[in-house]
Amino acid sequence: MQNTAETGPDAPIDVTPLLDADPYAAYAALREAGPVHRITGADGHPAWLVTRYDDVRRALADPRLSLDKRHAAPGGYRGFALPPALDANLLNMDPPDHTRVRRLVVKAFTPRRVETLRAPVRRTADELLDAMAERGRADLIADYAGPLPIAVICDLLGVPHRDRRDFLAWSDALITPDPSRPELMKQAIGAMLEFYTGLIAAKRAEPGDDLLSDLIAVRDDEAVGAAGDRLTEDELTSLAFLILFAGYENTVHLIGNAALALLDHPDQLRQLQRNPAELPAAVEEFLRFDGPSPVAIRRFPKEDVEIGGVRIPAGDSVLLSIASANRDPARFPEPDALDRGRDLSGHLAMGHGIHYCLGAPLARLEAVTALEALLGRFPELRLAVPRGDLRHRRALRARGLISLPVTWKSANEQVFEA
């Protein structure tokens with residue numbers, strides 16, 4: 001990686017090493033070289049990358065750093081060019097709109113309400129494991145870590161089963177777009193908009209016992225509207241999009257990354273099999289060690305700001321490296337070790353400040369439940385391919401495996417296929 005200590009903070013850095021299967025050595029080199037670096041992102045847009053824990057934590061809660069793309073410099077970053085009906089979501093909002101919209105949906109994700117989902121999540125996990133059991137091997141991403149959060153979020157929103165396979169294809173087109181076929185992303189966005197518009201119309205005509213029906217009721221409640229808390233139609237559609245998309249993407253990567261960490265540390269896997277009550281604390285270390293979101297949502301300074309002694313002009317793109325901050329030895333000693341006994345208070349995998357992940361309680365419950373069911377069902381779980389054959393999605397903002405082939409055959413049976 002280019003040495004910014006020699007080239008200066010304004011020299012763009014190639015981010016390719018940050019997209020590799022194991023980017024943490026590259027993050028360590030960046031932290032050592034300086035707290036803030038000028039990069040050219042995978043999308044070709046320039047940005048400032050913040051790498052050290054204290055700077056990242058402060059910046060996550062800094063009101064001068066806006067999520068609203070309208071604060072981007074002219075000709076700067078404009079994102080996916082989502083239509084307004086999908087773009088009016090919490091990831092693009094500042095107060096007071098962010099405060100108003102978050103207040104309307106946060107009750108659906110309180111720890112107490114999420115706890116009521118534990119039994120349905122476990123039931124879904126067991127059904128997926130039942131389908132895998134007879135084969136003796138499976139792809140934990142395609143067969144388990146992917147379908148589980150899709151089922152949970154779709155049930156929460158009231159999405160029909162027939163639509164779930166299409167949603168997976170659309171999500172993949174947005175998470176890891178094919179640069180040689182840009183039309184696929186455009187098609188996925190169009191299909192998602194049509195899907196959400198139709199789903200909301202169906203729920204409005206025939207409400208169900210689900211979160212989306214509740215949000216539609218809030219949108220249509222004249223008394224709520226008179227109080228100034230009413231959702232706009234675009235906000236309603238965008239909120240459904242965000243809950244379904246983010247609820248899938250982050251959780252599938254969390255479960256997959258956690259499973260791989262345990263397969264890489266079989267002694268810890270066996271300890272958790274013997275003591276599943278330790279899984280909630282273990283999930284916090286999995287989040288810190290190899291979390292699903294290496295970089296926070298892009299920010300735009302509303303005025304010139306200084307981070308780590310580097311002046312960043314108003315309107316420039318700022319990327320806060322969660323992955324680097326969570327491996328900063330100044331905050332987490334021996335950060336490259338998977339240590340479930342360490343002090344994990346303050347890890348940033350779920351964010352910090354007013355934009356702290358809305359679905360964090362649900363993601364944690366899904367991860368704990370998924371791992372408990374998996375480890376309990378298959379005590380001999382291990383990789384079914386050489387470790388070097390595993391591939392990660394090449395995305396700066398999403399850290400996840402494309403596939404995770406595993407087996408639970410007895411030791412004297414064939415593990416690797418010819």
Next item on the list: With the side chain counted from C-beta on, respond yes when R399 and P23 share a heavy-atom pair under 4.5 Å apart, and no when they do not.
Entry: yes

Next item on the list: May I ask you to test the L215-K203 pair for a side-chain heavy-atom distance under 4.5 Å?
Entry: no

Margin query: Is it true that S345 and D343 share a donor-acceptor pair across their side chains at a distance under 3.5 Å?
Written below: yes

Notebook entry, point to check: Any side-chain donor-acceptor pair under 3.5 Å between R31 and T51?
Noted result: no

Margin query: If you apply the rule side-chain hydrogen bond (donor to acceptor under 3.5 Å, both in side chains), what do you find for R122 with T369, and how did you get there?
Written below: CA-CA 6 Å; R122 180 57 190 255; T369 305; over 6 Å; no

Next item on the list: Flag yes if more than 12 heavy atoms outside E306 fall under 6.0 Å of its CD atom; otherwise flag no.
Entry: yes

Margin query: What I want to find out is whether D68 reaches R70 closely enough, with some N-O distance under 4.0 Å, to be called a salt bridge.
Written below: yes

Notebook entry, point to check: Would you say the side chain of D139 lies within less than 4.5 Å of the side chain of Y144, judging by non-hydrogen atoms?
Noted result: no

Notebook entry, point to check: If we only count heavy atoms from C-beta on, is the F109 to L156 side-chain gap below 4.5 Å?
Noted result: yes

Next item on the list: Could you list the residues that satisfy ring pair (Phe, Tyr, Trp, His ring centres under 6.0 Å) with F332, not counting sequence neighbours?
Entry: Y53

Next item on the list: Determine, stepwise, if the pair R331 / D54 fulfils salt bridge (Lys or Arg N to Asp or Glu O under 4.0 Å).
Entry: CA-CA 8 Å; R331 175 61 184 83; D54 288 342; over 6 Å; no

Next item on the list: Taking atom CG of D209 as the centre, report whether more than 12 heavy atoms of other residues, nucleotides or ligands fall under 6.0 Å from it.
Entry: no

Checklist line | Note, T407 side chain near F378 side chain (heavy atom, < 4.5 Å) | finding: no

Notebook entry, point to check: Is the shortest heavy-atom distance from the side chain of R118 to the side chain of V121 under 4.5 Å?
Noted result: no

Next item on the list: Taking all heavy atoms of P280 and all of A277, pick out the closest pair and write down the distance.
Entry: CD-O, 3.3 Å

Notebook entry, point to check: Do V36 and R52 have side-chain heavy atoms sitting under 4.5 Å apart?
Noted result: no

Next item on the list: Taking all heavy atoms of L231 and all of R100, pick out the closest pair and write down the distance.
Entry: CA-NH1, 4.2 Å

Check: Do you know the tightest heavy-atom contact between D126 and R377?
Finding: O-NH2, 3.8 Å

Next item on the list: Could you check if a side-chain atom of P301 sits within less than 4.5 angstrom of a side-chain atom of V318, using non-hydrogen atoms only?
Entry: yes

Next item on the list: For T16 and R394, run side-chain contact (heavy atoms from CB on, under 4.5 Å): C-alpha distance rounded to whole Å, both residues' side-chain angles, the deciding distance at 0.1 Å, then the answer.
Entry: CA-CA 9 Å; T16 301; R394 291 182 63 80; 3.6 Å; yes

Item checked: Between CZ on residue F195 and CG on residue D163, distance to nearest 0.5 Å -> 4.5 Å

Next item on the list: Indicate the ring-plane relationship of F245 and F241, choosing parallel, tilted or perpendicular according to the 30° and 60° boundaries.
Entry: parallel

Check: Is it true that R270 and D267 have a side-chain N and a carboxylate O under 4.0 angstrom from each other?
Finding: no

Notebook entry, point to check: Between the side chains of S238 and D87, does any donor sit under 3.5 Å from an acceptor?
Noted result: no

Check: To the nearest 0.5 Å, what is the distance between CG (L383) and CZ (R137)?
Finding: 10.5 Å

Notebook entry, point to check: Quick one: do R288 and E285 make a salt bridge, cutoff under 4.0 Å?
Noted result: yes

Next item on the list: List the steps and the verdict of side-chain contact (heavy atoms from CB on, under 4.5 Å) for N89 and V101.
Entry: CA-CA 8 Å; N89 63 64; V101 173; over 6 Å; no

Note to self: Looking at E334 and R342, is there a salt bridge between them, counting it only when a charged N and a carboxylate O are closer than 4.0 Å?
What the structure shows: no

Margin query: Is it true that S66 and D94 share a donor-acceptor pair across their side chains at a distance under 3.5 Å?
Written below: yes

Next item on the list: For V114 and R364, run side-chain contact (heavy atoms from CB on, under 4.5 Å): C-alpha distance rounded to whole Å, both residues' side-chain angles, the deciding distance at 0.1 Å, then the answer.
Entry: CA-CA 10 Å; V114 165; R364 287 183 165 107; over 6 Å; no

Next item on the list: In sequence, state the C-alpha distance, the side-chain angles, and the governing distance for E284 and R340, and then conclude on salt bridge (Lys or Arg N to Asp or Glu O under 4.0 Å).
Entry: CA-CA 8 Å; E284 298 307 309; R340 296 183 290 109; over 6 Å; no

Notebook entry, point to check: Any idea which heavy atoms bring A296 and R397 closest together, and the distance?
Noted result: O-NE, 3.9 Å

Check: Could you go step by step and tell me if M132 and L140 meet the side-chain contact (heavy atoms from CB on, under 4.5 Å) rule?
Finding: CA-CA 9 Å; M132 293 162 46; L140 274 187; 3.9 Å; yes

Next item on the list: Look at atom CD of E183 and say whether more than 12 heavy atoms of other residues, nucleotides or ligands are closer to it than 6.0 Å.
Entry: yes

Next item on the list: Check whether more than 12 heavy atoms from other residues, nucleotides or ligands sit under 6.0 Å from atom CD of E127, and answer yes or no.
Entry: yes

Next item on the list: State, without any angle test, whether D234 and T237 hold a side-chain donor-acceptor pair at a distance under 3.5 Å.
Entry: no

Item checked: Spatial distance of atom CG (L319) from atom OG (S324) [nearest 0.5 Å] -> 12.5 Å

Check: Taking all non-hydrogen atoms of both residues, which atom of I354 and which atom of P95 are closest, and how far apart?
Finding: CD1-CG, 3.6 Å

Notebook entry, point to check: What pairs of residues pass the ring pair (Phe, Tyr, Trp, His ring centres under 6.0 Å) test when at least one of them lies in residues 345-367, not counting sequence neighbours?
Noted result: H98-H355

Notebook entry, point to check: Can you tell me how far CZ of R327 sits from CG of D336, rounded to the nearest 0.5 angstrom?
Noted result: 5.0 Å

Next item on the list: Flag the pair D316 and R38 as a salt bridge only when some basic side-chain nitrogen lies within less than 4.0 angstrom of an acidic carboxylate oxygen.
Entry: yes

Margin query: Looking at every non-hydrogen atom in both residues, tell me the closest pair between A325 and L348 and how far apart they are.
Written below: CB-CD1, 3.9 Å

Check: Cation-pi between R64 and F300: NZ/CZ under 6.0 Å from ring centre and within 45° of the ring axis?
Finding: no

